[in-house]
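Following: one structure in structure tokens, then a few remarks.
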Amino acid sequence: MLAEFVDPAILGFILIGVMLFSIFVGFPISFTLIFLGFVFGYLGFGKLVFYLMTLQFSMVMTEQTLAAVPLFVFMGIMMEQCGLMERLFSAFQLILAKVRGSLYYAVLFVSVIFAAATGIVGASVTILGIMAAKSMNRSGYDVRLAAGTITAGGTLGILIPPSIMLVVMGPIMEIPVTDLFAAAILPGVLLAVLYAGYTTVRCIINPKLGPVLPPELRATSMKHVWIEFFLGLVPPAALVFAALGSILFGFATPTEAAGCGAMGSLLLAIAYRKLTLKKLQDSLVKTLEISALIMVLVAASNFFGAVFSRLGTPMLLTDFLLSLEMNKYLILAIVMVVIFLLGWPLEWVPIVMIIVPIILPLIEALGFNLTWFAILVAVNLQTAWLSPPVALSAYFLKGVVPEWDLKDIYYGMMQFMVIQVIGLILIIIFPKIVLWLPSVLYAS
């Protein structure tokens, strides 16, 4: 074995370098992780790697919490198929027709509801772009601020529960998913309020950025508007709050609540006469594709992470950083910058599955609360979705609003990326933003 001549921890650093290079050049992430785990595991500690892989894959397949992933994905896709968000957006837009910047508020309000319903950033940005862009163009809204609002609102899906990322992150960090859900609510609301505050200030300074709706786009009957608002808001909000509330208050496990949410979304589609055999088939296929991608990545990443840990590299890295005797918040800042930079080329799945387990021993040694750190990672990855030039949100929006220049979309996103960083700093300075609600709900 090569370990007889080379320190296994050094093999771990080589493993990470080869892994990042392979992913950057375009090799499939799952197969790359499994192959490299086998090769470097065999070089490091021999035939034990085969037993390690069997154990890790078995642990993933028996993890009940992960069963919530396909159910929440199906719930989100069915909510998208129902068309409820378009109805809610239109009604909210008409209610605030005489308010400057009303469409910005409509986008942010709907994005919070939609984030809780789907948890899928691509779907959120796409639907918000389809709903809002045409009205914003006709009303003379600023393209850059409009693009920033849509992409920033869409990225809330990665944070606001029931977030798929938090469901996956819980077992990885050995934190109850219920704690993560409770911890993510206030940071999600904080970011939405910061976005709304920023658009308000900009519209006060320059009213041309968000003019009132033109008369031809206003409602002729407020009764009709309120009926549409009620029908658009109450069903999806009731479904989301029932699923999320049952988890937070301990009435159901995440998997049980996800099952009820999936069934509820199906019933809503039937009630609104939006369900067809074709839509149901498409929803099931999309659910299968997304769930298979996530589950295979989870299993592959667990195996890769176990090999990496067995080589001893995380402990070597932890001991080295602790020996520098730097302020622990400076080390945290370095970790956050690394995660932010990796968020440009990589999806959240490999970062949560690979990078987070590597740095977890360091975070524990520094004495940071793991729930608080998990939310920091989530907000950080949300920031990466708004960071040009690799930010996928820009391409999702460009795909549905081709008349908007990519440069303007980038410029708009960068404004909200700064707000996102401010939100991240506030969460670091005031940990209670994250920890207060879990402490209230689970005081015992």
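Any value given below was found using the heavy atoms of this structure, including those in side chains, with hydrogens, waters and symmetry copies removed.
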Query raised in the report: Looking only at heavy atoms, what is the nearest atom pair of Ala374 and Leu180, with distance?
Result: CB-CD2, 3.6 Å
**Report entry** Nearest non-hydrogen partners of Ala146 and Trp404, listed with the distance
**Finding:** CB-CH2, 3.8 Å
Query raised in the report: Of all heavy-atom pairs between Ser265 and Met78, which one has the smallest distance, and what is that distance?
Result: OG-CB, 3.5 Å
Requested in this report: Measure the CG-OH distance between Leu406 and Tyr410 for me, rounded to the nearest 0.5 Å.
Outcome: 4.5 Å
Query - Member of Gln420, Arg202, Arg144 meeting the side-chain hydrogen bond (donor to acceptor under 3.5 Å, both in side chains) criterion with Gln415 - result: Arg202
Query raised in the report: Just wondering, do Ile150 and Met136 contact through their side chains at under 4.5 Å, heavy atoms?
Result: yes
Query raised in the report: About how many Å separate CD1 of Ile355 and CD1 of Ile339, when rounded to the nearest 0.5 Å?
Result: 8.0 Å
Query - Residue pair Ala192 / Val112: nearest heavy atoms and the distance that separates them - result: CB-CG2, 3.8 Å
Report summary line: Smallest heavy-atom separation, Pro357 atom then Ile172 atom, equals CG-CG2, 3.7 Å
Requested in this report: Decide yes or no for Cys203 and Tyr141: does some side-chain heavy atom of the first lie under 4.5 Å from some side-chain heavy atom of the second?
Outcome: no
Query raised in the report: If you draw a 6.0 Å radius around CZ in Phe57, do more than 12 non-hydrogen atoms from other residues or ligands fall strictly inside?
Result: yes
Query raised in the report: Can you check whether Val307 reaches Phe304 side chain to side chain, under 4.5 Å on heavy atoms?
Result: no
**Report entry** Check: Phe368 ring centroid to Tyr329 ring centroid under 6.0 Å
**Finding:** yes
Query raised in the report: With ring centroids as reference points, do Tyr195 and Tyr104 lie under 6.0 angstrom apart?
Result: no
**Report entry** side-chain contact (heavy atoms from CB on, under 4.5 Å) evaluation trace for Leu166 with Phe181
**Finding:** CA-CA 7 Å; Leu166 296 181; Phe181 279 4; 3.9 Å; yes
Query raised in the report: Roughly how far, to the nearest 0.5 Å, is NZ of Lys286 from OG of Ser291?
Result: 13.5 Å
Query raised in the report: Can Ile409 and Val401 be said to form a side-chain contact (heavy atoms from CB on, under 4.5 Å), step by step?
Result: CA-CA 10 Å; Ile409 296 176; Val401 195; over 6 Å; no
Requested in this report: List the steps, then state whether side-chain hydrogen bond (donor to acceptor under 3.5 Å, both in side chains) holds for Tyr105 with Thr199.
Outcome: CA-CA 8 Å; Tyr105 304 135; Thr199 56; 5.0 Å; no
Query raised in the report: Would a 4.5 Å heavy-atom cut-off, applied to side chains only, mark Ser139 and Leu103 as touching?
Result: yes
Query raised in the report: If you take all heavy atoms of Pro438 and Asp179, which pair is closest and at what distance?
Result: CG-O, 3.9 Å
Query raised in the report: Is Lys208 close to Asp142 at the side-chain level, that is, under 4.5 Å between some pair of heavy atoms?
Result: no
Query raised in the report: Given the rule in the side-chain contact (heavy atoms from CB on, under 4.5 Å) test, do Leu376 and Leu332 qualify, once you have shown the distances and angles that lead to the verdict?
Result: CA-CA 10 Å; Leu376 284 183; Leu332 178 66; 4.1 Å; yes
Requested in this report: Side-chain contact test, heavy atoms from C-beta onward, threshold under 4.5 Å: evaluate it for Val18 versus Phe40 and give yes or no.
Outcome: yes
Query raised in the report: Can you tell me if Ser58 uses its side chain to pair, donor with acceptor, with the backbone of Thr54 under 3.5 Å?
Result: no
Query raised in the report: Between CD of Glu403 and CG of Asp408, what distance do you get to the nearest 0.5 Å?
Result: 11.5 Å
Report task. Measure from the side-chain N and O atoms of Trp372 to the backbone N and O of Ala183, and report whether any donor-acceptor pair falls under 3.5 Å. Result -> no
Query raised in the report: After noting the C-alpha distance and the side-chain angles of Phe303 and Val49, does the key distance pass the side-chain contact (heavy atoms from CB on, under 4.5 Å) rule?
Result: CA-CA 9 Å; Phe303 169 57; Val49 69; 3.8 Å; yes
Requested in this report: Measure the spacing between CZ of Phe373 and CD1 of Ile428 and express it to the nearest 0.5 Å.
Outcome: 10.0 Å
**Report entry** Pairwise side-chain contact, Leu191 with Gln382, heavy-atom cut-off 4.5 Å (strictly under)
**Finding:** yes
Query raised in the report: In Å, rounded to the nearest 0.5 Å, how long is the span from CD1 of Ile375 to CG of Leu424?
Result: 11.5 Å
Query raised in the report: Any side-chain heavy atom of Met165 within less than 4.5 Å of one from Leu381?
Result: yes
